[in-house]
Structure formats: structure tokens, C-alpha cells
Amino acid sequence: MSYVAACRLSVVVSQPQINPPLRSFWFGAAFHILRNPFQPAPLCVYHLQATGRALASTQPSGASSSASANMGSKKVQPFGSWRSPLTAELVSGASLRLGGAAVDSDGHLLWVEGRPAESGRSVLVREATKGGFMEDITPKGFDVRTTVHEYGGGAFTIAGDTIIFSNYGDQRLYQQTLKGDRSPVALTPAYDGPVVRYADGRVDLKFNRYITVREDHRKVGKEASNEIVAIQLEGDPNTEPMILVEGNDFYSFPRISPDGEKLAWIEWSHPNMPWDSAALWVGQISVDGTVINKVCVAGGDQTIIQAPTEPCWSSKNKLLFVSDKDNGFWNLYQWVEGNNVQPLYPLDAEFTRPAWNFGNSSFSFIETDGVPSGSQVACTYRQRGISYLGILDLSTNHFSPIQTPFTTIYNLFFMNVVCEGAICVHYCWVTNLLYLYCEDGTLGTLSDSAVASFSADALIYEFSINWKNSTGKNEFSVVWSSDSIDIAKFQPYFSTPTVIQFPTKVTGQTAFANFYPPRNADFMQPEEEKPPLLVRSHGGPTSEADATLQLSIQYWTSRGWAFADVNYGGSTGYGRPYRERLYGNWGVVDVNDCCSCAEYLVATGEVDGQRLCIDGRSAGGYTTLATLVFSHTFKAGASLYGLCDLSVFQEDTHKFESHYIDSLVGKGELALRERSPINFLENLTCPVILFQGLEDKVVLPNQAEMIYKAVKAKGIPVALIEFEGEQHGFRKAENIRYTLEQEMLFFARLVGGFEVADDITPVHVDNLD
């Protein structure tokens, strides 16, 4: 999960051919920065300071680049043994998680922050009023989080002064007012445990109800059912919700037209994932509140493979959505009644991301002078792993790119924020910004005073940007900080990645990775030594590795490790053909690309070929284990809640991913067996450490137990660390810290050939201790 925050922007930007000049929109984002390390880094001026997470150092690629300007003050010590101020304790507790943001009727920003120090509890927080303080809206005993599809998202909605949220403990929906008595009031029935879950809802003002996705697990021994339901906002909470749409396996994005007459939604069925094949439907809301006269807008023709997503209504009841039906890239389309679908701006770029979580919002309609125009759309899109921002005018079909310093933007959120004069108010998700990516590929740095103002890993900023005068002065101030860490203090210890493109084992094909060389202001390596390398295989696998500032990566590089975050074939952000390289080839393409990346870095002299390690989480854990048994490139590996037996996984896992492997590997027991690392342990020759949450419902704990027992019986060094109370992804600060320390120490003991500087008591390693 990216740790991002929100920021308020006042924006006034020159936009040729878009009239009038005032625009107001909400968006949230995380960003990363690329650079040409051999060009100077001038101070840059931008039309828009938007959102995101920036990288925080500059140096040429290569191990020798870790030295700072003052070479004489550095101590010479082997790679991996450097002492770093980026401790595991600091890294594990440094950043609160942001789970979404919205604005109340008074224009105050609210966000959900996940708190590692409170066992990962998620709390709705409202920004400080003038002269006041930030305040928790969620009372003790409540946790704003949903587990629909297990991955959640879309856990709360604000309508005026009313909040509707899902509570993690019982998964019931609660209503809470921001004025008067804030005690949460249940809206849905209490069942025997959290067996009925809700996500991604919207308030239907016409019928005073809440329309949302429901996932029902009440039928023991049977697959959960998913529907779109309506819940009355007044009355008996024990009343069963009204089912509006049912019959398919999955639903998302229930969106009500502004006139209250229509409902749009996305649905899909097994064996597809929402990014494989889906359908967009629109139905009429009848006088009794039911949905009638349903029409399939996109995805109904089985001869055209497409995955429509993100339906969004304009104030004038126009329906826009994203689909990849024409060019293999997710582009913007508009539906006109009569079932006419029109492409809006064809581009070889991705205008959305895979819907692992509810709540993706890559575009939104914007306002003019506080009045929704219904014709201007702010949107974000990605090309070859880089994010861009622009405004599309539907009346002229003119697209205006907006120059930003950010290279990874996640979400845009529009709210009814009134603009006055030449100033508009915007909120965005942002993290510390130390380096800016320029249009010509060079990197600009902020002034010392600006750098000093960035004091945390995740922040909320208020930006003032002049729409009418693009050369006007842009100002910003901090609204909220995720922690008290002074990022500028650690800048000399941050490694900036280079995006590398390397040849794969398929002739003519290439893949990508973010490569971080080691860097520490206090140390340098002995002459001729090359650093150890940790390759990371991202989860999903239909996902991607971005280059946002992740202290968990800097933990490694500041100790003298090189780090490569691989976007193997199958990753998102490069279009459907690149994404589908993995179809039928999971455990082959990803394995080969991770190996090719490491071999490329060895061949180019960046790293030590005898000290190559690999790790991954979830699906990345599978790739790690598959790499260790199907190749001999790496000397050790770490699997965090990864899977080793695909047959068992398919039988045990949750509904959302129960058929995912069909497309990744193929159907049938033979296909599953041939790609399961557990069946080929005779090929394993190197140590493995395993980390597992005991409450994981995605990859059950038996997966880690199986590989642990098998490797132990083989006589190879192995360790299994299990955490009570953790699910799929660790949320507790103490467990995040312990995982980071033990993985690094395991690699140092088994592969590194050096003593770590940190005082860490090693976990017991079977067949070694």
C-alpha cells in the first residue's frame, strides 16, 4: 500500500482553449520522480503543484555513486554493514496510512488514516479549523474499514453533515453526524459475526437511502453472494436491505445520476477478474425505488474483449467511463442514450488502474466559479509507468495537459468547492516533495527553505496556484503530517531510483525495474567491492511497482544494499498486451524477468553476482518461491504471505480470486501442479525465510507451513515467523519492524558475509542454529 495523504490546493492555471479560467476539482495522488543523474538540477517552476510522493536524493546510478560531496569524511566499510539513522522502528511507525478523503458541508477535509501504533486501526479525522486542532471523528471502539473482496476500499461516504461508514469489527454500516451527538448509529442488521459486508456506497437523496455493494457470507459452505442493495437511512436497522441488482458474481461502482433517475454499475463473473472482462450497465430507478429497464452499455458483446470501469455522471447526467476495448489501453468513453458509446480521447495510455480495491477515481468533472459545467474533465493517465494530468473539454474535444512534478498519481476527487475571484480551493493526496521531474528529463530541486518545510513521509498541503497567470507565484502550507519525522534530515541517506529497461529471455522483449543504488552520507565501500542486491517481485500479480518514497526500501539502501523493484511482464501501466504476457505464464514470465533483471545488473557492474537475494509479498511471495525452485540465480529468498501450492490456494482462497489462477496458469490439476513450488523442492538449494499472518483469509497460513516443513526436512536453512492478529499484509508497527529486521539479518547471515550494524537478536533458523 502506498502511504499517501491529501492536500488542499488553490489553483489558477492558464488553460488555452478552455474558458473560463476557474476550475475546482478534488484529487488524491502519490507520485514518484525520475531523473537524468548526469544533468544539472536547476530550480524549476511549474504550472501546477499537484500531489504525491517524491524521491529524495540525487546520484548517478552505480555502487560508487553512494558517496556524497564530502568524500573525505566517509568511513570505509563493506556494503551491508553501514549504520543508518533509518531504523526499523522509525520505518515501521513513520507513516500513517491514508484510506480515502472527502469534504463535509462546511468545506472541511476529512480523511481515513490507518495507525500502526493502534494495531492498524483506521480512524476518520477532520482537518483543523482556523485556530483549532485536527480531531478524530471516529470514536474509540470503531474502525473504519471494510473487507468486501478482502481488500476493501470505499469504506465511508460523506453526504452533507452525515457520514456512513463500515466498521471493521462487525462489518455493519453506521451513520454518524458531524453536528450534535456524534455517536455512531447502526444502519444494518447485526448478524452472528462479520458475515455481511458493505463497500463503495452512495447516498440516494430522492429515496433517503444508501445504495451500496453487499457481500453476504451467511450461507455456510457456499460461496458468498454479491449484490447491489439499498439501505434506508431512517427506520429499523434490523430491516433487511432491498436488493436492487443481483444475479452476477461481482459488482462495483454503483453510481446514481444527479437527477436521481438512473443507476450505473459494473459487474463481472467468474472466471474473470475485473480487469479481464466486465460489463457496464445502466438501469432506470422506478417510482418504487427498484431498478428497471436495464441496458448493457459496454461489455455485452462477447466478441469484443474489454474491461469497462469507473462510471461517472456529470452534473448534466452525462455518463463517462473507462474501457480498453479499442486499443488495449484504458481510455475515456462517453455513453449517449440510445446505447451509443463514443471514444473521447484515444491515447496509448492507461486512464485507470486495476480494481483491487473499491474507490478508484482516475477522472472527475470540474467546476467553473463553483458551478458544475458538465463539460470539463480532469483526468490522470499513465504511459510507460509515468503518470500525467490533464483537462479534457467535452464541448470542443480539446485536451490540455497540465505540467506537474509528479510521476505517480493515483486518484482524482471532485467536490463542490466554491471558487472566488482568481483562487480555487483543491485538495490532493501528497507526500514530501524534494525533487521535481522536469519535462526535458532533468530534475529540479526546491530551495533549502522549501525542503526544510517537508517534515514527514506523508503530508496534507494547501497549494495556491494562479490559473490566469501560469508564471504567478505558487504557495503552499502544511495542513497535516503523518508523523514528526524531519525528512530533510534523512535526505543524505536516500537513494533515488533509475528506471531501467532490460532484455528478457524472450528475444526482442524488454521489461522494467526501478533500481536503487546504495547510499549513505557517512559510509563508502572498499575499492572494487560491489553491493549485494535485493530484487523485489511486486504483489498482485496484476499490479505494478512505482518509485514512490518508501522508507522500507531506503532501510536497505542506506545500509549498503542495492535494490531492484521489478515490473515484470504482467505488470500494469503498460497496456493490456504487456499485462497479458503473464496469462498462462505465471511462474514463468515473472520468474524469468526477475532473473533477467538481476543478471542485467550483474553484467553492467552494478551489483555482486554472488550476493543476489529476492523477496515478495502475496503473489510476489509466490514469484519468490518459484524463482528459487525454477532457477538458480538467487542465493536466498524471503516470502511474505506468499503461496507455494496453487491447488490448495485455489481450493482455500476467497471468492474474489478463486478463479484468478485459471487465467494466470491454466485450468486443470496438471497445470496447477507444474507451477507449484512445493512440488519441486528437489531443485531448491538456497535458504528461505517465511513471514505469515495467522488471520490471513487470502493466502491461508497452511501455505507457509507447507513450505517450511518441506524445506526443513530437506536440510536447507529455513525460518518461519507467524504473527497473531495479522491478516494479508501486516498492519501492526511491532510486526512490521520485526519483519524488516529479521529479513535483513537472515540475508546478512546466510549470504552477505558481513556483520550488520544494528543490534538485532536473530530468530532461530532451522538447519543453521
Between L233 and V203, does a side chain to side chain contact (heavy atoms under 4.5 Å, CB included) hold up when you go through it step by step?
-> CA-CA 9 Å; L233 297 181; V203 173; 4.2 Å; yes

Between CZ of R536 and CG of L640, what distance do you get to the nearest 0.5 Å?
-> 7.5 Å

What are the two closest non-hydrogen atoms of S252 and V213, and how far apart are they?
-> CA-CG2, 3.9 Å

Are the side chain of T157 and the backbone of G201 linked by a donor-acceptor contact shorter than 3.5 Å?
-> yes

D590 and Y622 side chains, donor-acceptor separation under 3.5 Å = no

To the nearest 0.5 Å, tell me how far L178 CG sits from D104 CG.
-> 5.5 Å

Side chain to side chain, E118 and K140, heavy atoms closer than 4.5 Å = yes

Relative to the ring of F165, is the ring of Y174 parallel (under 30°), tilted (30 to 60°) or perpendicular (over 60°)?
-> parallel

Side chain to side chain donor-acceptor pair (under 3.5 Å) between T557 and S495, intermediate numbers included = CA-CA 7 Å; T557 57; S495 174; 4.6 Å; no

Do NZ/NE/NH1/NH2 and the carboxylate oxygens of E310 and R353 come within less than 4.0 Å?
-> no

Minimum side-chain heavy-atom gap I163-R126 below 4.5 Å = no

Answer yes or no: is there a donor N or O on one side and an acceptor on the other, between the side chain of T624 and the main chain of G616, under 3.5 Å?
-> yes

Contact summary for V123 and R121, nearest pair of heavy atoms | CG2-NH1, 3.2 Å

Stepwise side chain to side chain donor-acceptor pair (under 3.5 Å) test for D200 and Y251 | CA-CA 10 Å; D200 202 18; Y251 296 93; over 6 Å; no

Check whether any side-chain heavy atom of H149 lies under 4.5 Å from a side-chain heavy atom of E215, and answer yes or no.
-> yes

For the atom pair OH (Y210) and OG1 (T188), what is the distance rounded to the nearest 0.5 Å?
-> 10.5 Å

Can you tell me if T138 uses its side chain to pair, donor with acceptor, with the backbone of L124 under 3.5 Å?
-> yes

Is there a side-chain contact between E223 and S658, using heavy atoms and a 4.5 Å cut-off?
-> yes

Please report the shortest heavy-atom distance between M706 and I678, naming the atom on each side.
-> O-CD1, 3.7 Å

Rounded to the nearest 0.5 Å, how far apart are SG of C613 and CD1 of I689?
-> 11.5 Å

State, with a plain yes or no, whether a side-chain heavy atom of F746 is found less than 4.5 Å away from one of V763.
-> no

Does N238 use its side chain to pair, donor to acceptor, with the backbone of P189 at less than 3.5 Å?
-> no

Just how far is it from atom CG of L745 to atom CD of E743, taken to the nearest 0.5 Å?
-> 11.0 Å

Is there a donor-acceptor pair closer than 3.5 Å between any side-chain N or O of R83 and the backbone N or O of A757?
-> yes

Donor-acceptor pair, T212 side chain versus A199 backbone, under 3.5 Å?
-> yes

Enter the distance from L643:CG to T653:OG1 here, rounded to the nearest 0.5 Å.
-> 8.5 Å

Cation-pi between K655 and F250: NZ/CZ under 6.0 Å from ring centre and within 45° of the ring axis?
-> yes

Check: Q703 side chain, C644 main-chain N or O, donor-acceptor pair, under 3.5 Å | yes

R559 and L86: which non-hydrogen atoms are nearest, and at how many Å?
-> NH1-O, 3.0 Å

What orientation do H654 and Y151 show, parallel under 30°, tilted 30 to 60°, or perpendicular over 60°?
-> perpendicular

Which heavy atom of A545 sits nearest a heavy atom of V566, and at what distance?
-> CB-O, 4.2 Å

Ignoring hydrogens and geometry, is there a side-chain-to-backbone donor-acceptor pair from D170 to R172 under 3.5 Å?
-> yes

Do the charged groups of E240 and R218 touch, with an N to O distance under 4.0 Å?
-> yes

Shortest non-hydrogen contact from Y660 toward M273 | CD1-CG, 3.4 Å

Side-chain contact test, heavy atoms from C-beta onward, threshold under 4.5 Å: evaluate it for M744 versus I760 and give yes or no.
-> yes

Ring centres under 6.0 angstrom apart (H217, Y191) | no

Would the F730 and Y641 ring centres measure less than 6.0 Å apart?
-> yes

Would you indicate whether the side-chain heavy atoms of F253 and N360 approach each other to under 4.5 Å?
-> yes

Do D766 and H764 have side-chain heavy atoms sitting under 4.5 Å apart?
-> yes

Test side chain to side chain contact (heavy atoms under 4.5 Å, CB included), reference D565, set D546, I553, V535, L534, output is I553

Are any side-chain N or O atoms of Q742 and backbone N or O atoms of T739, one a donor and one an acceptor, separated by less than 3.5 Å?
-> no

Check: D758 main-chain N/O paired with E741 side-chain donor or acceptor under 3.5 Å = no

Check the pair L110, I137 against side chain to side chain contact (heavy atoms under 4.5 Å, CB included), reporting the backbone distance first and the verdict last.
-> CA-CA 9 Å; L110 294 94; I137 302 300; 3.9 Å; yes

